[in-house]
Amino acid sequence: MAEGKMSLPSHFYGRSAIEVARDLLGKILVHQTKEGVTSGKIVETESYLPFNDPACHAARGKTKRNYVMFGKPGRSYVYFIYGNYYCLNAVCEKEGTPAAVLIRALEPQEGISLMQKRRKVKEIKNLCSGPGKLCQALGIKREENDQDLTKGNLVIKPGEEGRVKIIARPRIGIEAGSDKLLRFYIEGSAFISKP
DNA sequence: GACCAGATTGTCT
DNA sequence: GACAATCTGGTCA
């Protein structure tokens, strides 16, 4: 497909989770399924760092669940949480380093009617305003785990870079690492999970 | 083999 | 604003 040419190169992900999280804002996440194409602009992300980060799934070492984070950058890490929802991460840094960026919110673009059908809600701002919501809206399931984000059905493409104002904030409720700004979002977006 | 905790969301007050 | 719902994976015995 032509998407391979359009999508972000793998070296985009070969940097720190903080750099990648910041640069992912304004990019376009596209998922092609047999039902149709859904896409949205990334408006909120969160970084998960290697072993210094207690909140990271990989903080205690490599497991069957988080092995993807130890793999090559530019791949997707999808996990099931709280019995009902999935969360989508983009693996970054380098192979052997468990770093990833959580995609927290999207601004819907293509396939909005399909998202509304999947989510069973009408309001566009409610379609992707959260990690679990956007996965449901884009139809991201366990099958999308460990996919190559530079090619294939699930890709991230460049968007309106430089035209957005980025806000960095510490994550809430986590003491260790609170001195670092690990949550990023686009100022003024109505589609983020938190104001 | 059993128990515990979790990167959330939806619904009720 | 607060709390329950619901399941998978990891840790411990």
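Not measured: the values here are computed from a predicted model. Chain letters run A, B, ... following the sequence lines, proteins first, then strands; residues in each count from 1.
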Is there a side chain to side chain donor-acceptor pair (under 3.5 Å) between A:Arg119 and A:Gln136? Walk through the geometry before answering. CA-CA 6 Å; A:Arg119 293 269 302 120; A:Gln136 191 175 5; 3.1 Å; yes
(Q) Could you walk me through whether A:Asp23 and A:Arg15 satisfy the side-chain contact (heavy atoms from CB on, under 4.5 Å) test, starting with their C-alpha distance in whole Å, then the side-chain angles of each, then the deciding distance to 0.1 Å, before giving a yes or no? (A) CA-CA 11 Å; A:Asp23 287 351; A:Arg15 297 175 291 159; 2.8 Å; yes
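Spacing between atom NZ of A:Lys64 and atom P of C:dT11 amounts to 13 Å, rounded to whole angstrom units. Counting to the nearest Å, the P atom of B:dG10 and the NZ atom of A:Lys120 are 12 Å from each other. Between the C1' atom of B:dA7 and the CD1 atom of A:Ile140 lies a distance of 15 Å, rounded to the nearest Å. One atom, CG of A:Leu134, and another, P of B:dT8, lie 12 Å apart when rounded to the nearest Å. Separating the CD1 atom of A:Ile192 from the P atom of B:dA7 is a distance of 20 Å, rounded to the nearest angstrom. Between the C1' atom of B:dG6 and the CG atom of A:Asn66 lies a distance of 14 Å, rounded to the nearest Å. Between A:Glu44 atom CD and B:dT8 atom C1' there is a gap of 13 Å when expressed in whole angstrom units. Rounding to whole angstrom units, CZ of residue A:Arg65 and P of C:dC7 are separated by 15 Å.
Remark: ring of A:Tyr48 stacked against base of B:dA7; centroid gap under 5.5 Å, plane tilt under 30°. In this structure, A:Tyr85 forms no aromatic stack with the base of B:dT8, since the conditions of centre separation below 5.5 Å and plane angle below 30° are not both met. Ring-to-base geometry does not place A:Tyr79 in a stacked arrangement with B:dA7 (centre distance under 5.5 Å, plane angle under 30° required).
Across every strand in view, B:dA7 sits unpaired, with no contact that passes the Watson-Crick or G-U test at under 3.5 angstrom. Nucleotide B:dA2 forms a Watson-Crick or G-U wobble pair with C:dT11, both donor-acceptor distances falling under 3.5 Å.
Listed nucleotides: B:dA7, C:dG10, C:dT8. Nearest to the side chain of A:Arg104: B:dA7. With C:dT6, B:dT8, B:dG10 as the choices, the nucleotide that has an atom nearest any side-chain atom of A:Asn84 turns out to be C:dT6. The listed nucleotides are C:dT6, C:dG9, B:dT9; the one nearest the side chain of A:Arg142 is C:dG9. When the nucleotides B:dG6, B:dT9, C:dT8 are ranked by their closest atom to the side chain of A:Ile81, B:dG6 comes out on top. Between B:dA7, C:dT8, C:dG10, one nucleotide has an atom nearer to the side chain of A:Phe80 than all others, and that is C:dT8.
Heavy atoms of A:Tyr77 sit under 4.0 angstrom from at least one base atom.
Between A:Lys133 and B:dG10 there is a side-chain polar atom (N or O) within less than 4.0 angstrom of OP1 or OP2. Phosphate proximity of B:dG10 to A:Arg119: present, with a side-chain N or O under 4.0 Å from OP1 or OP2.
Between A:Glu46 and A:Arg183 there is a salt bridge, since at least one side-chain N of the basic residue sits less than 4.0 Å from a carboxylate O of the acidic one.
The main-chain N or O of A:Ala99 is never found under 3.5 Å from a side-chain atom of A:Thr97 such that the two would form a donor-acceptor pair. Counting only distance, with no hydrogens or angles, the side chain of A:Ser47 and the backbone of A:Ala17 share a donor-acceptor pair below 3.5 Å.
A:Leu138 and A:Leu114 fall into different hydrophobic clusters, where Ile, Leu, Val, Met, Phe, Trp and Tyr side chains are chained together by heavy-atom contacts under 4.5 Å.
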